[in-house]
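A note on names: the letters A, B, ... follow the listed sequences, proteins ahead of strands, and every chain is numbered from 1.
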There are 2 protein chains.
Amino acid sequence: MANTIDGERRRRELAETVWRLILRGGLPAASVRGVAEEAGLATGSVRHFFPSQAELHNFAMLELMATVTERVRAAAQTPDVRERARAMLEELLPFTDRTHAEFAAYLEFLDRSRIDTALEPVASESVRAARELVVTILTDLRTLGMLRPEIDVDTEAVRLHAFLDGLMLQLLVAPDLNSRQQARDALAGWLEALEVKA
Amino acid sequence: MANTIDGERRRRELAETVWRLILRGGLPAASVRGVAEEAGLATGSVRHFFPSQAELHNFAMLELMATVTERVRAAAQTPDVRERARAMLEELLPFTDRTHAEFAAYLEFLDRSRIDTALEPVASESVRAARELVVTILTDLRTLGMLRPEIDVDTEAVRLHAFLDGLMLQLLVAPDLNSRQQARDALAGWLEALEVKA
DNA sequence: GTCAAACTAACACGGGTGTGCTACTTTGAG
DNA sequence: CTCAAAGTAGCACACCCGTGTTAGTTTGAC
């Protein structure tokens with residue numbers, strides 16, 4: 001056989017092309033023809049790796065989740081507990097140009113999953129994973145006795161999760177409302193308020 | 001002249017048709033042909049009231065903001081201060097089937113405004129208005145001495161605004177995450193935590 | 001009743017889309 | 001070297017889109 005190695009790399013390249021096009025022109029820009037042209041391929045070539053547009057988009061969103069998950073895993077290596085919590089949660093926000101493009105695509109997919117049942121499973125899984133991450137971080141803080149006693153983990157998880165999603169939405173669609181640094185500070189301030197006084 | 005009275009009514013009808021179609025099939029469903037068929041008109045009739053699709057969508061979003069603004073104004077009549085704050089902020093969340101459709105359209109327009117410069121002015125104005133409402137409510141509470149002294153209005157406004165937007169996003173794209181009642185309770189609980197102990 | 005304006009309707013054009021299909025080129029295992 | 005598979009490329013079909021244009025119908029002021 002020929003390039004069996006390049007197959008998955010090509011698919012990942014095309015997934016990133018989808019993200020880039022969505023950042024630039026929204027989901028409609030991520031057409032089969034558009035992706036092919038942006039990647040310098042023929043439409044037939046794209047369809048060789050992805051039999052349908054639905055599979056291309058599905059893969060692009062799965063790859064998106066995998067990328068974010070990997071970054072969260074990397075941030076989980078931070079030694080200090082407080083720093084770790086902050087670092088992990090920061091990976092759920094678009095703080096760099098790179099991640100801004102990714103979350104722009106994520107928002108588009110998430111929104112589309114409301115209609116497109118093919119995207120629904122992976123979309124709701126992503127939301128579930130985010131909630132789980134928040135709960136886990138809060139539970140760890142509680143176990144370590146670093147959470148103010150009057151705070152309920154489940155109640156706080158709902159608030160923090162919604163706060164993060166709202167901040168993400170605002171950074172994407174209304175970047176003038178909060179600068180990235182302001183958003184960073186807002187998250188840091190939030191977490192400080194959770195902790196027991198030193 | 002003929003029905004000068006019906007003109008604006010027709011335009012409002014078509015705006016609501018746009019909302020309904022967006023709820024059902026996303027922004028792509030709000031095509032000129034789609035709106036015409038849903039409203040029982042010919043495409044030429046729709047284009048008689050709106051010279052272009054851009055004007056139709058722009059008007060639909062303006063009408064959306066006017067509707068929400070009117071509801072907030074009505075909620076502002078609530079006598080009790082605490083109840084009033086809660087009632088007004090609840091109007092920024094999709095708690096009924098009716099408002100769910102409206103906010104679904106709003107999210108779609110907001111997302112589209114990231115790309116479509118024609119929607120950008122009204123979109124950023126809507127975000128600014130929401131922020132202003134939050135700030136105003138918090139400022140009123142502070143003036144009345146009902147806000148816990150350690151709370152800074154501006155800091156709290158950023159948090160509460162992001163919390164509301166996140167809750168809206170989740171109610172729209174991940175309705176299984178939080179029920180409407182849970183979201184209502186979360187908002188009520190948040191506001192209670194802001195107030196000075198009775 | 002007249003008539004201009006408001007309103008409704010239908011067609012055609014050019015363009016973009018997803019997808020199916022076929023043919024060509026490159027590659028690397030045997 | 002052979003040759004089957006991987007990869008690339010291009011075309012055609014049917015569909016939907018926004019929009020321009022033209023024509024017919026209804027309405028209400030005068």
Tell me if the [atom1] atom of [X] is crowded by more than 12 foreign heavy atoms within 6.0 Å.
X	atom1	answer
A/E16	CD	yes
B/E37	CD	no
B/R180	CZ	yes

If Ile, Leu, Val, Met, Phe, Trp and Tyr residues are connected whenever their side-chain heavy atoms lie under 4.5 Å apart, and connections chain through other members, are [X] and [Y] in the same group?
X	Y	answer
A/V134	A/M88	yes
A/I137	A/V153	yes
B/F103	B/M61	yes

Distance, rounded to the nearest Å, where [X] contributes [atom1] and [N] contributes [atom2]:
X	N	atom1	atom2	value
A/L27	C/dT17	CG	C1'	13 Å
B/R11	C/dC7	CZ	C1'	14 Å
A/E13	D/dG7	CD	C1'	13 Å
B/E37	C/dA9	CD	P	13 Å
A/H48	C/dC24	NE2	P	17 Å
B/F50	D/dT19	CZ	P	13 Å
A/R10	C/dT27	CZ	C1'	14 Å

* For DNA chain D, which residues in residues 105-117 of chain A have a heavy atom at a distance below 4.0 Å? -> none
* Hey, does the side chain of B/S45 come within less than 4.0 Å of C/dA9's phosphate (OP1/OP2), counting only N and O? -> yes
* Structure fact -> For A/R184, the salt bridge (Lys or Arg N to Asp or Glu O under 4.0 Å) test, sequence neighbours excluded, returns A/E90
Would you tabulate the pairs of protein nitrogen or oxygen atoms and nucleotide nitrogen or oxygen atoms of nucleotides 16-18 of chain D closer than 3.5 angstrom?
from: D/dC17; atom 1: OP1; to: B/S31; atom 2: OG; distance (Å): 3.1
from: D/dG18; atom 1: OP1; to: B/V32; atom 2: N; distance (Å): 3.4
from: D/dG18; atom 1: OP1; to: B/Q53; atom 2: OE1; distance (Å): 3.4
from: D/dG18; atom 1: OP1; to: B/Q53; atom 2: NE2; distance (Å): 2.2
from: D/dG18; atom 1: OP2; to: B/V32; atom 2: N; distance (Å): 3.0
from: D/dG18; atom 1: N7; to: B/R33; atom 2: NH1; distance (Å): 2.5
from: D/dG18; atom 1: O6; to: B/R33; atom 2: NH2; distance (Å): 2.8

* Select one nucleotide: of D/dA9, C/dC11, C/dA9, the one nearest the side-chain heavy atoms of A/L41. => D/dA9
* Ion pair check, A/E132 and A/R128, cut-off under 4.0 Å -> yes
* Between atom CZ of A/R159 and atom CZ of B/F163, what is the distance when rounded to the nearest 0.5 Å? -> 7.0 Å
